[in-house]
Amino acid sequence: MERVLSFFGRPLVSFVEVAGQMALLFYSTIKLMFKKPFRTKLLLKQIEFIGANSLSVIILTGSFTGMVFAFQSYIGFHKFGADQLVGTVVALAMARELGPVLSAIMVAARAGSAITAEIGTMKVTEQVDALNAMAVDPVHYLFVPRILAGLIVMPMLNAITVLCGVVGGYLVSIKVLGINKTLYLDYMYTYIEFDDFANGMMKSLVFGGIVTLVGCYKGFMTRGGAEGVGRATTESVVMACVLILIFDYILTAFMF
Amino acid sequence: MEYAIECLDLHKSFGVHKIHKGIDLKIVKGAITYIIGPSGTGKSVLLKQLCGLMPPTKGKVIVNGQDITVMKPEELVQMRKKFGILFQNAALFDSMNVYENVAFPLVEHTKLPKSKIDKIVQEKLRLVGLRNIEDKMPSELSGGMRKRVGLARAIALEPDIMLYDEPTTGLDPIMCDVVDNLINDTQKELGITSIVISHDIESTLKIADYIAMLYDGKVVLYGTSEDFKTTDNPYVKQFFSASKEGPIKIM
Ligand SMILES: Nc1ncnc2c1ncn2[C@@H]1O[C@H](COP(=O)(O)OP(=O)(O)OP(=O)(O)O)[C@@H](O)[C@H]1O
Ligand SMILES: [Mg+2]
């Protein structure tokens, strides 16, 4: 009985602990965002790092997903003679689901891991202690610019992903599959609403917060030298991806 | 006598590992106190507790009359402005060059114009015997240079209390002397309180106003240099004579 309890109890306790710590850190980050000094230079650097440097990956991911999706949905729709609906389906899926989730996962792999590695290294080499020692709050100095940058940049990256996906799908449908161009566009304009896009933008705002918060948190909790930094980095990517998928479900259910 | 920092019955453990088992230590204001002891006895851990970077498991740390173990995080941040700390491994920010590292506390806590900050940075780097390295990154420096840049950064704001964790370890004999003099001079000129961790017995006896020796989680002897030269405390005698025979166990 005791073993059963501890088997289920221990992960539960550590889950509650981690969730609590992250919520507290997020809360203080939000509070500190409005506290002077505003570190504009650091914020711009993070926007460049998380946003600008992710562009090529995002463009590739978006285009290829849209292209593949056009092929796949064509197989189904062709059976019913509804070829012209491919565009609508591609755009809907990209805007509501694939754009926000895929761009967030790409950013988690590229920037979230790098954030963890950087802050984790600072932690194990006492640079975080040094910040504290010089009376600079590490959450204000390290968390705020990164999380703020994540919130600003992620929706933009999502917009680019969706755009690339829709263009990719269009090119494959018209040039490769030979679907009627006028009908394809007509159906897309008729059935896609601004809401579909706004919905995805909301999601990616949340995902931007998740990826950067997890990156910072995992870095901040790092112990045990270079090995610890490696472990934290891996955990950061896994945790961010899992949270993205869970929150994707929650948000979808809410905004349905 | 006035005290800058008082530790009262300080205990610190990491898990089951007991590091400090009741340390009572009073740091005299405006004096230089050296802390010595074998490697791994918790000198660096003690230093971090003195400035509130690490909470003790039990006991009090009183800085200028205020108990810092019960302070809120915001109060602790304010309190730390009084301290200048040199970490054992320098802890330079490796995303910044030497200039930005030394200028960091000045940029954060003063409203000085850039020209004034430039002057202070150059002045502090000159004090620690470094020249023309402002543009170098920490990874391009030798261990001894990093330590001295860390020292320049720690004294940049001219704090009330300076904590040095092994300031001369890894420096050549001439640089050791330069840094020893620097510790001595900053204290004499500015009247600040200094706490120095050191393994260099000769300079400890030369510079220290007071010495505390740490072993097995306790202070085994506290006194002036004279006290330490004449004591027949077996721990101190063994440590000073660098002998394997005696009460200090080699693990
Ligand atoms: N963050 C930590 N977590 C767990 N154990 C720690 C931590 N920091 C220090 N220790 C342990 O505390 C003990 C004392 O460490 P400390 O660094 O204070 O030694 P020291 O006296 O400064 O030694 P040295 O002269 O070699 O610098 C060591 O056994 C170390 O393993
Ligand atoms: Mg040490």
Side-chain angles (χ1 to χ4, degrees), chain A residues 21 24-25 27-29 31-32 34-46 48-50 111 114-146 149 215-216 219-220 222-226 228-229, chain B residues 14-15 44-45 47-55 68 71-96 100-111 138-139 146 149-151 153-157 159-165:
Chain A
Q21 281 170 342
L24 278 178
L25 276 171
Y27 174 68
S28 33
T29 308
K31 252 192 349 192
L32 288 173
F34 301 99
K35 204 176 143 200
K36 279 184 188 171
F38 301 114
R39 303 176 198 275
T40 330
K41 221 171 112 189
L42 289 184
L43 176 65
L44 290 176
K45 206 174 133 197
Q46 289 304 322
E48 183 193 355
F49 176 68
I50 301 173
I115 289 173
T116 305
E118 190 188 0
I119 298 183
T121 306
M122 291 184 73
K123 181 74 192 288
V124 300
T125 56
E126 294 184 317
Q127 291 175 53
V128 173
D129 276 343
L131 276 177
N132 260 323
M134 285 183 273
V136 173
D137 185 345
V139 175
H140 191 250
Y141 191 80
L142 298 171
F143 280 44
V144 169
R146 287 171 176 77
C216 291
F220 203 62
T222 304
R223 306 158 183 240
V229 175
Chain B
F14 293 108
S44 300
V45 170
L47 210 65
K48 285 185 187 167
Q49 291 175 89
L50 295 184
C51 57
L53 281 177
M54 224 185 232
I68 65 165
M71 278 187 181
K72 293 202 203 71
E74 304 91 73
E75 295 173 309
L76 263 182
V77 169
Q78 287 308 314
M79 190 274 309
R80 278 206 209 91
K81 287 186 185 166
K82 295 195 189 92
F83 283 93
I85 305 168
L86 169 66
F87 287 87
Q88 188 163 357
N89 59 15
L92 300 180
F93 299 122
D94 44 34
S95 60
M96 302 180 191
E100 290 164 328
N101 262 289
V102 180
F104 186 82
L106 298 163
V107 173
E108 283 295 324
H109 296 306
T110 67
K111 294 205 162 47
S139 57
R146 293 166 66 94
V149 174
L151 187 53
R153 182 176 73 178
I155 58 176
L157 273 182
D160 297 346
I161 305 173
M162 268 300 305
L163 308 180
Y164 305 89
D165 197 342

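Throughout, protein chains are lettered first and strands after them, A, B, ... in sequence-line order, and every chain is numbered starting at 1. Computed from a prediction, not measured in an experiment: that's the story for all the values here.
In this structure, B:R153 fails the cation-pi test against B:F87, since its NZ or CZ atom is not both closer than 6.0 Å to the six-membered ring centre and inside 45 degrees of the ring normal.
Sparse packing is recorded around NZ of A:K45, with 12 or fewer heavy atoms of other residues, nucleotides or ligands lying under 6.0 Å away.
When heavy atoms are compared at a cutoff of 4.5 Å, A:D137 does not approach chain B at all. For chain B, the nearby part of A:M122 is the side chain; its heavy atoms alone come within less than 4.5 Å. There is no contact between B:L157 and chain A, counting heavy-atom distances below 4.5 Å.
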query = Going through the checks in order, is the salt bridge (charged side-chain N to carboxylate O under 4.0 Å, His left out) test met by A:R146 and A:E118?
reply = CA-CA 12 Å; A:R146 287 171 176 77; A:E118 190 188 0; 3.0 Å; yes
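Per-residue heavy-atom pair counts under 4.5 Å with chain A were compared for B:Q88, B:H109, B:M54, B:M79, and the maximum is reached by B:H109. Of the listed residues (B:L76, B:I85, B:N89), the greatest number of heavy-atom pairs within a distance under 4.5 Å of chain A belongs to B:N89.
Salt-bridge check for B:R80 with B:E75: failed, with every basic side-chain N at 4.0 Å or more from each acidic carboxylate O. Salt bridge annotation for A:E126-B:K48: present, with a cationic side-chain nitrogen under 4.0 angstrom from a carboxylate oxygen.
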